[in-house]
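Sharing a structure, written as structure tokens. Questions coming.
Naming convention: chains lettered A, B, ... in sequence-line order (proteins, then strands); numbering from 1 in each chain. Computation of the quantities below employed the complete heavy-atom set of this structure, encompassing side-chain atoms and omitting hydrogens, waters and symmetry-equivalent molecules.
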Amino acid sequence: MPEGPSIVLLKEATAKFEGKKVIAVSGNSKIDKTQMLNNKVIAFRSWGKQLLISFNGFSVRIHLLMFGSYRIDERKEIPERLSLTFKNGELNFYTCSVKIIEGNIDDAYDFTADVMNDNWNAKAAKKKLKLIPNTLVCDVLLDQQIFSGIGNIIKNEVLYRVKIHPNSEIGKIPSLKINKLIKEARNYSFEFLAWKRDFVLKKHWLAHTKKVCLRCNHPIIKEYTGVYHRRSFICTNCT
DNA sequence: TATAATGTTTGAAC
DNA sequence: AGTTCAAACATTAT
């Protein structure tokens, strides 16, 4: 369940552990877990689809990939990949990627590339697009260095809303439409967040998994597009 | 029950 | 040597 907005919700859920000391660590992750023990979490942050747990001098990066999950103050049947116990509860992660990032997190990550971040920089995104005119828009939206946090659902919903075909080359899209695309990438991500928070995300999908266009009633076709071969949902009439 | 899906990394192949 | 590609990982709903 992990596109950027879902990780924002995860970050919010961990807030009660901020500033708290880890009093036990376990899990089948191969990283060195001892360095977390008896250390305080300085902050939980999100960057795109990643949760960053910052300690003094290093951070733990959690990536849920396609199937990862988490539980707070409860456990699943399957073994924990990483489990952190605090005085006021526990934080458990399953089937995820766990890595240690040494040093200051601000040196390792550009938070202006995260569509969910307060410091999101639309102009910087546009600059990056100028450098890759031959790339398809469907691939560009999934590029985490440009639109960190956007996944396949957001990609499809954004393209449908701004009426751009996923196979359009970036360099062939008019500048004003590119602006609209970049704006909607962030705007829709926040709508996604609000709907996800209220457990009503799916019913607001206009294109993703849909078979008929709500705008013009023509069929929506499914096509695997771009270098990632991810499914796209395209209205055959009004794009 | 077999399949496909909100994702990324790795290393082989070209 | 740089790019491209498929495989690997792993869970769950349909």
Distance-only side-chain donor-acceptor flag, A:D110 / A:Q145, under 3.5 Å: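 No - no donor-acceptor pair under 3.5 Å links their side chains.
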Touch class at under 4.0 angstrom, heavy-atom based, for A:K202 against every strand present: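 The answer is nothing, as A:K202 stays clear of every strand by at least 4.0 Å.
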Phosphate OP1/OP2 of C:dT12: any A:K76 side-chain N/O under 4.0 Å: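 It does, given that an N or O in the side chain of A:K76 lies less than 4.0 Å from OP1 or OP2 of C:dT12.
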Phosphate contact (B:dA5 OP1 or OP2) by A:R231 side-chain N/O below 4.0 Å: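 The answer is yes; a side-chain N or O of A:R231 sits under 4.0 Å from OP1 or OP2.
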Nearest-nucleotide comparison on DNA chain C, the residue closer to the 5′ end among A:P79 and A:H229: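 Taking each residue's closest nucleotide, the earlier one in sequence belongs to A:H229.
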Parallel, tilted or perpendicular, as decided by the 30° and 60° cut-offs, for the rings of A:Y70 and A:F93: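 A:F93 vs A:Y70 ring planes: tilted.
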Nearest-nucleotide comparison on DNA chain B, the residue closer to the 5′ end among A:F233 and A:K99: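 The residue closer to the strand's 5' end, by nearest nucleotide, is A:F233.
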Value in whole Å for how far the C1' atom of C:dC9 lies from CG of A:L64: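 Interatomic distance, CG of A:L64 to C1' of C:dC9: 14 Å.
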Per-nucleotide pairing state of DNA chain C [Watson-Crick or G-U, under 3.5 Å; [ ] pseudoknot-crossing; | other strand]: .||||||||.||||
Axial cation check for A:Y109 ring with A:R45, 6.0 Å and 45° limits: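 No, A:R45 does not sit over the ring of A:Y109.
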Distance test, side-chain N/O of A:K222 to OP1/OP2 of B:dA4, below 4.0 Å: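 So the side chain of A:K222 is outside the cut-off, no N or O lying under 4.0 Å from OP1 or OP2 of B:dA4.
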Ring centers of A:Y224, A:H229 separated by less than 6.0 Å: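 When the ring centroids of A:Y224 and A:H229 are compared, they turn out to be at least 6.0 Å apart.
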Donor + acceptor pair across side chains of A:S69, A:K76 (<3.5 Å):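 Yes - a donor-acceptor pair under 3.5 Å links their side chains.
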Under 4.0 angstrom between A:K49 side-chain N/O and B:dT8 OP1 or OP2: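 For B:dT8, OP1/OP2 do have a side-chain N/O of A:K49 under 4.0 Å.
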Geometric class of the A:F55/A:F58 ring pair [parallel <30°, tilted 30-60°, perpendicular >60°]: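 Ring orientation of A:F58 relative to A:F55: parallel.
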Most 5' of A:L142 and A:Y224 on DNA chain B, judged by nearest nucleotide: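 Closest to the 5' end, via its nearest nucleotide, is A:Y224.
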